[in-house]
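Just so it is clear, the structure is predicted and the values come from calculations on it, not from any experiment. Throughout, residue positions are numbered sequentially from 1 according to the sequence presented.
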Amino acid sequence: MAYLINQEDGVIKRRFALDKDTMVIGRHPDCDIVVDDNSVSRRHAQIRRQGNQYFISDLNSRNGTLVNRELVQRETLLFENSEIEICEVVFQFVIDKDAVLVKPRPTAKDKLSSLGIKNRPAFALDDLPNHNSSIISSMGIVPRRGDSPSDPGGKSLSGYTSNIEKKLAALITVTQSLQNAHESDEIMQRVLDSLFELFIEADRGFVAMLDPQGAVIPFAMKTRHEQDAERVRISRTVIKQVLDSQQAILSQDATTDQRFELSQSMADFRIRSLMCAPLINSQGVAIGAIQLDTLRSAIAFNDNDLEVLVTAAMQASLALQNAELHQRVLQSKKLEDDLKLANAVQQRFLPQRHPEQPGYEFSSHYSPMSQVGGDYFDLVPLGENRLAVIVADVVGHGIAAAMLMAKISAEARYAFAINDDPRKAVQLMNRNLSDLNLDKFVTLIAGVMDFSQHTITLVNAGHQPPILIPAGKKKPTELRIAGSGLPLGILDSVEYGAERIELNAGDCLVLYTDGVNECMNAKGDQLGVPALLAELHQSQAKGAGAIGKVISQTVQRHRGNYQQIDDICLVAVSREL
């Protein structure tokens with residue numbers, strides 16, 4: 001008999017006996033197993049018993065039924081320790097110890113996903129009694145280079161002799177089978193197919209791998225005869241011995257070897273002769289093992305066969321490494337494509353054209369450190385000869401900063417659209433960003449231009465002071481805004497001050513991020529604001545376009561061939577003479 005045991009935390013465990021051929025689980029009181037949860041359908045799922053096997057099916061429920069985190073779409077066989085999820089209720093399926101397990105324990109399925117396995121192999125790993133010393137003494141170890149291999153005299157399944165030509169032929173066979181195979185499970189299945197061609201009397205073949213936590217788990221399986229797949233169990237202890245020693249092992253007849261203390265267990269497994277070889281990666285670490293065995297007493301593997309298996313395992317290991325590299329290349333290409341798309345999307349958040357305001361000129365420059373950046377600028381028309389000019393810098397770089405930049409874009413347009421006072425607009429942005437609790441902050445400088453009055457009212461939230469380049473030959477200066485406050489997103493109750501600046505004919509105002517003044521050369525020297533001001537004064541450039549170009553050229557000249565270490569953003573606005 002089998003049982004379901006509920007697994008919710010803080011709830012008394014109950015065991016539900018599956019003592020009928022058909023058992024219905026649901027919310028209705030007439031169900032065999034009643035689940036008191038409104039998200040559960042009245043008749044949610046059904047478990048059907050057939051012999052000593054149990055199958056589960058979903059009864060067209062609203063929220064579905066999961067087995068081992070996979071949605072049940074048709075009648076599904078349950079195995080020992082299967083996990084059944086019905087909405088928020090979780091059951092564990094257990095079966096009497098006397099019942100025969102004909103498939104592997106499904107609890108390893110989640111571990112298999114990290115190895116790229118699509119379909120779970122139909123075999124289970126079982127532990128033999130703890131007699132590791134017996135395994136070593138009773139099984140032939142593949143000779144190390146320089147040792148003389150013994151000839152146990154058994155019948156070679158493939159008829160191979162231990163010579164270069166035959167091993168080369170095996171290598172070619174396996175190599176050809178692996179052409180265009182880039183998935184780990186596909187590679188190992190093809191290797192097993194090739195081995196079955198090389199060893200025409202082999203009855204079963206298995207591949208087991210180590211998961212990231214170091215547990216041995218099933219990976220691939222092949223059987224010569226369909227009936228041999230019905231009750232498949234192999235020794236976890238044998239596999240572990242191969243992995244730990246990183247040497248292949250051979251047993252001609254595990255059941256009759258007088259030194260073999262595990263003969264009764266091997267008889268239970270129906271194994272007569274077996275050989276097992278490790279899979280070793282480029283770092284010299286064992287990552288899995290291949291085993292071939294036969295169930296017939298008249299057949300036995302010998303050392304020559306084992307050498308061929310080791311050769312095939314070496315080629316399979318190389319193919320697995322190539323597959324891993326291939327997957328990394330694909331992931332890198334996908335990431336590159338995603339970043340290109342993110343860059344295109346981010347560029348759409350920035351102004352696509354400058355305002356056409358009589359008597360004024362605008363210019364801008366935006367250069368992210370990588371494909372996406374955390375700097376932001378905007379030019380938001382407010383109507384009635386008014387325009388919001390905004391420049392911001394998200395702390396950090398990359399995708400996270402770019403995502404927050406997109407949020408700032410939306411927040412800025414909303415805040416300045418509903419507030420005539422730029423102080424209130426910045427305070428609203430600060431409250432909204434603080435409510436996100438992102439543990440990140442944003443520096444920002446924003447101003448509202450009044451073209452009819454030729455003024456700009458500036459608010460500074462922890463940002464670089466803007467630069468004013470006056471008309472004539474006057475020196476450029478930094479504008480220290482009275483009442484400058486903390487960057488956005490630190491405290492939700494910051495009060496910001498504002499300062500109104502008059503733009504005379506020929507004046508130019510530059511708002512920029514610290515990627516400009518902190519740009520670094522190969523010696524580690526920053527450009528600095530004084531050097532930037534001196535360059536602007538010496539150039540005597542006029543107009544927003546020319547001044548923006550001078551700044552960009554100054555940054556590039558100082559940096560030289562050294563890599564860009566921060567996003568760069570600037571906006572310049574000038575009043576014509």
Side-chain angles (χ1 to χ4, degrees), residues 1-126 185 211 213 215 217-219 221 226 229-233:
M1 184 184 298
Y3 302 88
L4 294 185
I5 301 175
N6 62 305
Q7 299 296 304
E8 300 97 307
D9 294 335
V11 177
I12 297 175
K13 296 292 186 291
R14 293 186 57 194
R15 189 169 74 165
F16 301 91
L18 302 178
D19 52 2
K20 296 165 57 176
D21 289 339
T22 300
M23 301 278 290
V24 176
I25 306 172
R27 196 177 76 251
H28 196 278
D30 292 339
C31 291
D32 300 289
I33 300 176
V34 178
V35 179
D36 187 15
D37 188 324
N38 290 333
S39 59
V40 176
S41 298
R42 294 168 65 83
R43 291 172 55 85
H44 197 103
Q46 174 181 285
I47 295 180
R48 181 177 65 86
R49 179 176 62 190
Q50 181 176 330
N52 63 353
Q53 294 182 322
Y54 292 80
F55 300 83
I56 188 169
S57 57
D58 186 78
L59 300 178
N60 296 319
S61 65
R62 294 190 308 273
N63 297 315
T65 302
L66 300 179
V67 172
N68 299 321
R69 301 185 181 179
E70 288 194 357
L71 187 66
V72 174
Q73 297 179 334
R74 56 182 178 274
E75 193 171 54
T76 301
L77 179 63
L78 294 173
F79 307 116
E80 177 77 5
N81 296 324
S82 287
E83 191 175 80
I84 302 170
E85 296 181 52
I86 296 179
C87 300
E88 299 299 321
V89 181
V90 180
F91 295 101
Q92 182 184 21
F93 174 82
V94 295
I95 196 167
D96 286 351
K97 293 182 179 179
D98 295 335
V100 178
L101 288 179
V102 299
K103 297 279 185 176
R105 298 176 180 88
T107 52
K109 183 161 182 105
D110 293 334
K111 298 178 182 178
L112 291 175
S113 62
S114 65
L115 297 169
I117 301 175
K118 295 179 179 178
N119 299 303
R120 186 171 173 76
F123 70 90
L125 290 159
D126 287 287
D185 52 342
D211 73 357
Q213 287 72 44
I217 54 176
F219 195 88
M221 183 193 76
E226 184 177 350
E230 294 179 357
R231 308 176 74 187
V232 175
R233 299 164 64 215

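Side chain of R43 to backbone of G26: no donor-acceptor contact under 3.5 angstrom is found. Using a distance-only test at 3.5 Å, with no hydrogens or angles considered, no donor-acceptor pair links the side chain of S41 to the main chain of S39. Distance alone, capped at 3.5 Å, places no donor-acceptor pair between the E83 side chain and the V90 backbone. Counting only distance, with no hydrogens or angles, the side chain of D37 and the backbone of C87 share no donor-acceptor pair below 3.5 Å.
The side-chain contact (heavy atoms from CB on, under 4.5 Å) test with I47 singles out one residue from I56, D21, V24, and that residue is I56.
In the model, R48 has no side-chain atom that pairs as donor or acceptor with a side-chain atom of Q46 under 3.5 Å.
Proximity of V67 to F93: side-chain heavy atoms (C-beta onward) are nowhere separated by under 4.5 Å. By the 4.5 Å heavy-atom criterion applied to side chains, L77 and Q53 are counted as neighbours. For the pair L18/I33, a side-chain contact is recorded, criterion being any heavy-atom separation below 4.5 Å from C-beta on. Within the 4.5 Å cutoff, the side chain of C31 has no heavy atoms near those of the I25 side chain.
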### Task
Begin from the C-alpha positions of D58 and H44 and carry the test side-chain contact (heavy atoms from CB on, under 4.5 Å) through to its verdict.
CA-CA 6 Å; D58 186 78; H44 197 103; 3.9 Å; yes
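Going from atom CD of Q92 over to atom CG of L78 covers 12.0 Å, rounded to the nearest 0.5 Å.
Heavy-atom minimum distance, I5 versus R15: CG1-CG, 4.0 Å. Closest heavy-atom contact between R27 and N38: NH1-O, 3.9 Å. Annotation for R74 and V72: closest pair O-CG1, 3.3 Å, computed over non-hydrogen atoms.
Annotation: E75, atom CD; neighbour count of heavy atoms from other residues, nucleotides and ligands within 6.0 Å is above 12.
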